[in-house]
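A note on names: the letters A, B, ... follow the listed sequences, proteins ahead of strands, and every chain is numbered from 1.
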Number of protein chains: 2
Amino acid sequence: MGKVLRGRSGRRRGAPDTKGEILAAARQVFGERGYDGASVRAIAAAAGVDPALVHHYFGTKEKLFLAAMDIPFDPSAIAGAIMDDTSGAGIGERAIRTFLAVWGQPAGRAPILALLRSAMQNEAAARLLRQFVTRAILGRVLSIFEGVPNGALRAEAMVSHLIGLAIVRYVVKLEPIASVPDEDLVRLIAPVLQRYYDGAFEQD
Amino acid sequence: MGKVLRGRSGRRRGAPDTKGEILAAARQVFGERGYDGASVRAIAAAAGVDPALVHHYFGTKEKLFLAAMDIPFDPSAIAGAIMDDTSGAGIGERAIRTFLAVWGQPAGRAPILALLRSAMQNEAAARLLRQFVTRAILGRVLSIFEGVPNGALRAEAMVSHLIGLAIVRYVVKLEPIASVPDEDLVRLIAPVLQRYYDGAFEQD
DNA sequence: GGCGAAATTCATCATGTGATGAATAATGCG
DNA sequence: CGCATTATTCATCACATGATGAATTTCGCC
């Protein structure tokens with residue numbers, strides 16, 4: 001039997017982007033188990049690296065989390081899709097389409113899932129999610145709801161539906177909603193979301 | 001100084017419903033931190049009891065959780081409120097009203113919050129929540145959606161919105177939706193939910 | 001009133017956690 | 001080449017966790 005493959009001390013050869021691999025592993029594991037549930041050891045294992053190296057690069061688990069949550073996804077892409085049209089017409093469909101595009105691929109949903117899962121177990125993470133939703137989502141969408149009566153409330157109601165959808169479809173995996181094709185969801189949900197915009201202008 | 005108040009070994013006097021107190025504490029702590037986050041020690045402390053007593057009564061943490069999730073709330077009360085009328089008319093308003101009634105008081109939301117939080121960190125709990133939603137909610141509401149095209153899907157879409165609302169309002173506490181009066185929420189959300197029923201009969 | 005059963009706590013174990021510091025190996029600048 | 005710097009692992013700490021078994025105190029039946 002030759003030498004043991006892993007376990008040799010000291011620097012490795014070449015110039016592997018170890019820090020990046022740790023970050024990627026962190027996003028995945030945080031996404032699967034949330035902040036408290038993800039152990040530094042598990043993240044290190046997923047990155048194929050000694051746990052101490054994680055601390056060497058990021059100092060503390062919390063800093064690693066913050067680093068992993070940074071640049072969660074391309075903000076301009078999302079904002080762009082939603083803001084394609086600054087009028088309220090079709091905002092329901094644009095919202096659900098953007099949502100499905102981001103959550104459809106694991107890489108896209110990992111950071112938000114991590115934030116969401118963590119927010120359920122950790123007040124600090126809840127604060128983080130709050131400010132993320134406020135800044136990254138509402139801050140942009142709100143311009144559409146600007147001048148709309150109860151605009152903020154209506155926008156948040158839309159967001160709350162999408163968060164619930166994320167949980168039911170991607171976490172709890174309730175059938176049939178977990179397996180239904182994207183297009184069916186768009187047809188089902190878009191007009192309902194749209195009502196949060198249109199409803200503002202109806203008589204009471 | 002007199003004797004120490006707590007810490008004396010052996011059976012206590014009187015006939016305190018200790019088992020019930022542990023269950024209540026379990027519901028609260030599980031509700032606050034989820035399954036993984038709630039330690040047996042924390043639950044015991046909340047019940048004013050030694051951790052070993054928890055194991056004495058319930059054997060294992062998992063069994064305690066199952067016991068705490070049992071009879072989470074009066075099923076007939078909820079089903080009754082939703083089923084008041086077996087027609088689809090007004091189902092949107094009845095759904096949000098029932099939701100607010102249950103989640104409005106801590107005792108009502110604790111068990112479901114516990115299930116929800118735990119489902120985000122624990123696959124086993126996710127399975128539990130899935131079957132709870134299926135049996136306790138959908139199983140009853142579905143009779144209204146019986147014969148409705150895509151009835152199950154529409155019912156689940158409604159539920160997903162309410163779950164998202166629960167998270168945004170009671171966990172993440174996003175403002176203004178976290179503080180808005182119940183009646184305002186009813187006015188805002190009821191007609192939107194209603195659309196999941198009415199929409200089934202519109203032309204495509 | 002005595003005695004078995006139940007209720008309650010204490011002491012303890014094995015395990016997993018985040019974190020730290022020292023040791024080893026490769027890199028790259030001079 | 002030589003040597004400081006960086007990347008990497010190992011050994012270890014202090015602490016929290018779920019769980020178990022023995023010891024202590026009260027209850028309730030006969």
### Task
Please tell me if the side chains of B/Leu193 and B/Ile91 come closer than 4.5 Å, counting only heavy atoms from C-beta onward.
no
### Query
Does the side chain of A/Asp182 come within less than 4.5 Å of A/Arg97's, by heavy atoms?
no
Kindly compute the distance separating [atom1] ([X]) from [atom2] ([Y]), expressed to the nearest 0.5 Å.
{"X": "A/Asp184", "Y": "A/Ile189", "atom1": "CG", "atom2": "CD1", "result": "10.5 Å"}
{"X": "A/Glu32", "Y": "A/Arg27", "atom1": "CD", "atom2": "CZ", "result": "14.0 Å"}
{"X": "A/Leu162", "Y": "A/Ile167", "atom1": "CG", "atom2": "CD1", "result": "11.5 Å"}
{"X": "B/Ile112", "Y": "B/Tyr170", "atom1": "CD1", "atom2": "OH", "result": "10.5 Å"}

d([atom1], [X]; [atom2], [N]) in whole Å:
{"X": "A/Arg12", "N": "D/dT8", "atom1": "CZ", "atom2": "C1'", "value": "8 Å"}
{"X": "A/Leu53", "N": "C/dG21", "atom1": "CG", "atom2": "P", "value": "16 Å"}
{"X": "A/His56", "N": "C/dT24", "atom1": "NE2", "atom2": "C1'", "value": "14 Å"}
{"X": "B/Arg13", "N": "C/dT8", "atom1": "CZ", "atom2": "C1'", "value": "14 Å"}
{"X": "B/Asp50", "N": "D/dA22", "atom1": "CG", "atom2": "C1'", "value": "13 Å"}
{"X": "B/His55", "N": "C/dT8", "atom1": "NE2", "atom2": "P", "value": "16 Å"}
{"X": "B/Lys19", "N": "C/dA6", "atom1": "NZ", "atom2": "C1'", "value": "12 Å"}

### Query
With respect to the phosphate group of C/dA19, does any side-chain polar atom (N or O) of A/Thr60 fall under 4.0 Å of OP1 or OP2?
yes
### Message
Measuring to OP1 and OP2 of C/dT8, would you say a side-chain N or O of B/Tyr57 lies under 4.0 angstrom away?
### Response
yes
### Query
Would you call the rings of A/Tyr35 and A/Phe30 parallel, tilted or perpendicular, where under 30° means parallel and over 60° means perpendicular?
parallel
### Query
Relative to the ring of A/Phe145, is the ring of A/Tyr197 parallel (under 30°), tilted (30 to 60°) or perpendicular (over 60°)?
perpendicular
### Selection from C/dA19, D/dC27, C/dT9 that lies nearest to any side-chain heavy atom of A/Lys61
C/dA19
### Task
Describe the nucleic acid contact of A/Pro51 in one word from base, sugar-phosphate, nothing, applying a heavy-atom distance below 4.0 Å.
nothing
### Query
In chain order, what residues pass the salt bridge (Lys or Arg N to Asp or Glu O under 4.0 Å) check against B/Glu62, with sequence neighbours excluded?
none
## Note on the structure
What residues 32-46 of chain A contributes to the DNA chain C interface at heavy-atom separation below 4.0 Å is A/Ala38, A/Ser39, A/Val40, A/Arg41
### Message
How bent is the helix from C/dG1-D/dC30 to C/dG30-D/dC1, measuring the angle between the end axes built from five pairs each, rounded to 10°?
### Response
0°
